[in-house]
Amino acid sequence: MRPVARSAIATGVLLFSQSGAAAGADQGAQLAATCASCHRLDGGGTGIPSIIGLSEERLTNALLAYRASESPNHIMHVIALSLSDEEIASVARYVAALGSNPR
Ligand code: HEC
């Protein structure tokens, strides 16, 4: 795993434990904590698009597309590059389950 992702995880886990949302230490929750350092997981928007409310399929496809992108400057490309297929599947499942209204 790349250093960028590792520090994002550290930040995310901290945010998560402070909000008391870390009920279990399962992989999806841990990965979602890395997303929370940029995407709010309560569905609020702050300029960065909310990922809450997206379907599992949409999340998976978006992450696969970001990972496949050749653009070296895109932040989501870097994030997605650090994720295996299995990690993309579990974070997509977890985040989709957080949102009750898939678009
Ligand atoms: C360092 C900040 C950062 C982190 C960490 C991050 N993202 Fe993002 N993400 C962004 C930005 C910025 C965009 C908007 C990119 C764009 O405009 O194309 C984005 C866009 C997205 C989109 C597209 C949303 C849409 O409506 O199409 C998805 C899905 C997404 N991120 C999922 C994730 C997931 C899942 C994680 C955790 C594994 C994550 N992101 C972690 C910054 C981040």
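What you are looking at is a predicted structure, and each value in this text was computed from that prediction instead of being measured. Start at 1 and go down the list; that is how both ligands and their atoms are numbered. We number each residue from 1, following the sequence as shown.
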**Student:** Is Val95 touching ligand 1 with its side chain, its backbone, both, or neither, if touching means heavy atoms under 4.0 Å apart?
**Tutor:**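 No part of Val95 comes within reach of ligand 1.
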**Student:** Number the atoms of ligand 1 from 1 as they appear, then name those within less than 4.0 Å of a heavy atom of Ser37, with their elements.
**Tutor:**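 That gives atoms 5 (C) of ligand 1.
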**Student:** Which one holds for Pro49 and ligand 1: side chain close, backbone close, both close, or neither close, with close meaning a heavy atom under 4.0 Å?
**Tutor:** side chain
**Student:** Apply the side chain to side chain contact (heavy atoms under 4.5 Å, CB included) test between Glu87 and each candidate in Leu83, Asp85, Val91; give the one that qualifies.
**Tutor:** Leu83
**Student:** Against heavy atoms of Cys35, which atoms of ligand 1 measure under 4.0 Å?
**Tutor:** 34 (C), 35 (C), 36 (C), 37 (C), 38 (C), 39 (C), 41 (C)
**Student:** Identify, by atom number and element, the atoms of ligand 1 in contact range of His74, meaning under 4.0 Å from any of its heavy atoms.
**Tutor:**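 Counting from 1, the qualifying ligand atoms are 15 (C), 16 (C), 18 (O).
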**Student:** So which heavy atom on Gly99 is nearest to which on Ile52, and how close?
**Tutor:**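 That would be CA-CG2, 3.8 Å.
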**Student:** Which atoms of ligand 1 are found less than 4.0 Å from any heavy atom of Ala62?
**Tutor:** 29 (C)
**Student:** Between Tyr66 and His77, which heavy-atom pair has the shortest distance, and what is it?
**Tutor:**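 Minimum heavy-atom contact is O-ND1, 2.8 Å.
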**Student:** Of all the heavy-atom pairs spanning Ala32 and Leu41, show the shortest one and how long it is.
**Tutor:**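 Residues Ala32 and Leu41, closest heavy atoms: O-CD1, 3.7 Å.
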**Student:** Quick one: closest heavy-atom pair of Ser84 and Arg67, and the distance?
**Tutor:**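 Result for this residue pair: C-NH1, 3.7 Å.
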**Student:** Would you say Ser69's side chain and Ala65's backbone share a donor-acceptor pair under 3.5 angstrom?
**Tutor:** no
**Student:** Using only atom types and a distance under 3.5 Å, with no angle test, would you say the side chain of His39 pairs donor to acceptor with the backbone of Pro49?
**Tutor:**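 Yes; at least one donor-acceptor contact below 3.5 Å.
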**Student:** Is Ile75 close enough to touch ligand 1? Criterion: a residue heavy atom under 4.0 Å from a ligand atom.
**Tutor:** yes
**Student:** Please indicate whether any nitrogen or oxygen in Ser50 is less than 3.5 Å from any nitrogen or oxygen in ligand 1.
**Tutor:** no
**Student:** Backbone or side chain, does any N or O of His39 fall under 3.5 Å from an N or O of ligand 1?
**Tutor:** yes
**Student:** Run the numbers for me: atoms of ligand 1, each under 4.0 Å from some heavy atom of Tyr66, listed by number.
**Tutor:** 15 (C), 16 (C), 18 (O), 20 (C), 21 (C), 22 (C), 23 (C)
**Student:** Identify, by atom number and element, the atoms of ligand 1 in contact range of Leu59, meaning under 4.0 Å from any of its heavy atoms.
**Tutor:** 29 (C)
**Student:** Which of the numbered atoms in ligand 1 are under 4.0 angstrom from any heavy atom belonging to Thr34?
**Tutor:**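 Checking each atom against Thr34, I get 5 (C), 37 (C), 38 (C).
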**Student:** Looking at every non-hydrogen atom in both residues, tell me the closest pair between Glu56 and Ala96 and how far apart they are.
**Tutor:** N-CB, 3.4 Å
**Student:** Is Met76 close enough that one of its N/O/S atoms sits under 2.8 Å from atom 8 (Fe) of ligand 1?
**Tutor:** yes
**Student:** Could you give the distance from CG (Asn61) to CG (Leu54), rounded to the nearest 0.5 Å?
**Tutor:**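 Interatomic distance, Asn61 CG to Leu54 CG, rounded to 0.5 Å: 11.0 Å.
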